[in-house]
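Input: a single structure, listed below in structure tokens.
One-based numbering along the sequence shown. All values below come from the heavy atoms of this structure, side chains included, with hydrogens, waters and symmetry mates left out. Keep in mind that this is a model prediction, so the values were computed, not measured.
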Amino acid sequence: MSMRTAPAAPPRTLSQLDRLLPAWIGIAMVAGLLLGRFVPALSDVLTSMEVGGISLPIALGLLVMMYPVLAKVRYDKVAAVTGDTRLHVSSLVLNWLVGPALMFVLAWTFLPDLPEFRTGLIIVGLARCIAMVVIWNDLACGDREAAAVLIAINSVSQVLAFSLLGYFYLTVLPGWLGLDTAGIDISMGQIALNVLVFLGVPLVAGFASRLLGERTRGRTWYEERFLPAVGPWALYGLLFTIVLLFALQGDAVTSRPLDVARIALPLLAYFAIMWAVGMIVGKTLGLGYARTTTLAFTAAGNNFELAIAVSIATFGATSGQALAGVVGPLIEVPVLVGLVYVSLGAARRWFGVDPVAG
């Protein structure tokens, strides 16, 4: 079938796997914590499988997770998104002005007496999301093309701004305010490598598979046969990644529950506030449900892979900064899964649409 006669994409529906996602994620988190706690050698094995500060097993899980979602993007529609100045400007402001500033305030408010955890949280706030947000956006029926564009913008901005903002929020601003100062030492090359692995590879693979699939078999076959076949692998990759992440620090998390609780409070506030602000901004600007929810999730999510890598490389694998980085996804995953369902409810109440039904 030619591209011009291909039907529109079918309405999105939540599969049985999607509907049970909170339960599967909970099981994966518990399994990872138990593995890390009772099989400590596993952490050493995973740590040894690193290249350039990137854990190969975790990278594999993230690539498997991201590929199916990026394969769903209709890249011929991306041009229509690039002209939406309201979306781009609001995303840049939320991600690179509001997000880091909010995390700085929350870290100092909740953890004034715990400098290692505080620094770790600030690093988490600086690492804007380029990976797992594709899952939350897709489950919430956000705009896939808009998500691809915003993630690409975040990636370029991350390479340029991460180190500068780290210096500002950990050294310059605390100095101005008479607070304790810290610092991070990471090159733009290390950040670029992180972006290349966690975004570049699956983005190229997703684009190539759509291009080749539609040219050889047509859009109908690609969207009705190929995508349903590879789609479940996104959640398989997500669950695999969660198990590995929690296994890496399972002993530290389970043996320091009070520290985890102290770190969790500002993270809970951060994710909820950033998502809510994103939804309010999108609604106010009249972006519509799909792009508003994409804006909210790209603002609320964080690149925990980069935050953990930076904390370990700078302060050590057993440092408080590294623990704060690991607690990040421990809180982010269940909170953002919950916000997926809040978003779907908001679509009906605030926007008057039902994105799941059609």
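Residue W233 qualifies as open at atom CH2: its count of foreign heavy atoms under 6.0 Å is 12 or below. Surrounding OH of Y75 are more than 12 heavy atoms belonging to other residues, nucleotides or ligands, all under 6.0 Å away.
Between L87 and A146, the shortest heavy-atom distance links the atoms CD2-CB, 3.9 Å. Closest heavy-atom contact between G282 and T292: C-OG1, 3.3 Å. Contact between R128 and Y270 at its shortest, heavy atoms only, is NH1-OH, 2.7 Å. Taking each heavy atom of V243 and A28 in turn, the nearest pair found is CG2-O, 3.6 Å. Of all heavy-atom pairs spanning L121 and A324, the tightest one is N-CB, 4.0 Å. Closest approach of L97 and Y169 over heavy atoms only: O-OH, 4.1 Å.
In this structure, OG1 in T171 is found 11.5 Å from CG in D180, a value given to the nearest 0.5 Å. Considering CZ of F162 and CG of L126, their distance stands at 5.5 Å, rounded to 0.5 Å. Atom OG in S90 sits 4.5 Å away from atom CG in L295 (nearest 0.5 Å). Here CZ of R86 is found 14.0 Å from OG of S91. Values are rounded to the nearest 0.5 Å. Atom CG of residue L150 and atom CG of residue L92 lie 8.5 Å apart, to the nearest 0.5 angstrom. Rounding to the nearest 0.5 Å gives a distance of 8.0 Å between OG1 of T241 and CG of L60.
Linking Ile, Leu, Val, Met, Phe, Trp and Tyr residues whenever their side-chain heavy atoms come within less than 4.5 Å leaves Y67 and L139 in two separate clusters. Taking hydrophobic clusters as Ile, Leu, Val, Met, Phe, Trp and Tyr residues chained together by side-chain heavy-atom distances below 4.5 Å, V201 does not share a cluster with L212. Hydrophobic clustering keeps V30 apart from V260 (ILVMFWY residues linked when any side-chain heavy atoms are closer than 4.5 Å, directly or through intermediates). Taking hydrophobic clusters as Ile, Leu, Val, Met, Phe, Trp and Tyr residues chained together by side-chain heavy-atom distances below 4.5 Å, V134 does not share a cluster with L227. F226 and L211 are assigned to two separate hydrophobic clusters, defined by single-linkage of ILVMFWY side chains at heavy-atom distances under 4.5 Å.
Ring-centre distance between W176 and F168: below the 6.0 Å cut-off.
Inter-residue side-chain proximity for E332 and F271 is flagged as met; some heavy-atom pair is nearer than 4.5 Å. Taking 4.5 Å as the limit, some side-chain heavy atom of M279 sits within range of a side-chain heavy atom of W350. Residues I280 and T284 meet the side-chain proximity criterion, which asks for heavy atoms closer than 4.5 Å. In this structure, I123 and L170 have side chains that are in contact, with non-hydrogen atoms separated by less than 4.5 Å. Contact annotation: the side chain of P355 approaches that of L344 to within less than 4.5 Å [non-hydrogen atoms, C-beta and beyond]. Between R348 and V353 the shortest side-chain heavy-atom distance does not fall below 4.5 Å.
Using cut-offs of 30° and 60° for the angle between ring planes, the W108 and F104 rings count as tilted.
In terms of modelled atom types and a separation under 3.5 Å, the side chain of E116 and the main chain of G320 share a donor-acceptor contact. Judged purely by atom type and a 3.5 angstrom limit, D143 has no side-chain atom pairing as donor or acceptor with the backbone of A290. At distances below 3.5 Å, at least one donor-acceptor pair connects side-chain atoms of R210 with backbone N or O atoms of K72.
Look at R74 and D76 and you find no salt bridge, because none of the NZ, NE, NH1 or NH2 atoms lies under 4.0 Å from a carboxylate O. Ion pairing between E224 and R217 fails under the 4.0 Å rule for side-chain N and carboxylate O.
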Between F110 and R118, does the side chain to side chain contact (heavy atoms under 4.5 Å, CB included) criterion hold? Intermediate values first, please. CA-CA 8 Å; F110 284 89; R118 186 177 64 236; over 6 Å; no

Could you please spell out the steps behind the side chain to side chain contact (heavy atoms under 4.5 Å, CB included) verdict for V73 and F207? CA-CA 8 Å; V73 173; F207 176 80; over 6 Å; no

Using the rule given for side chain to side chain contact (heavy atoms under 4.5 Å, CB included), can you reason through N154 versus W96, listing the C-alpha separation, both sets of side-chain angles and the distance that settles it, and then say yes or no? CA-CA 9 Å; N154 268 357; W96 297 103; 3.4 Å; yes

Please report the C-alpha distance between W136 and C129 in whole Å, then the side-chain angles of each, then the deciding distance to 0.1 Å, and finally whether the side chain to side chain contact (heavy atoms under 4.5 Å, CB included) criterion is met. CA-CA 11 Å; W136 316 135; C129 198; 5.9 Å; no

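Residues meeting the side-chain contact (heavy atoms from CB on, under 4.5 Å) test with S343, sequence neighbours left out: A140, W275, Y289, T293, F297.
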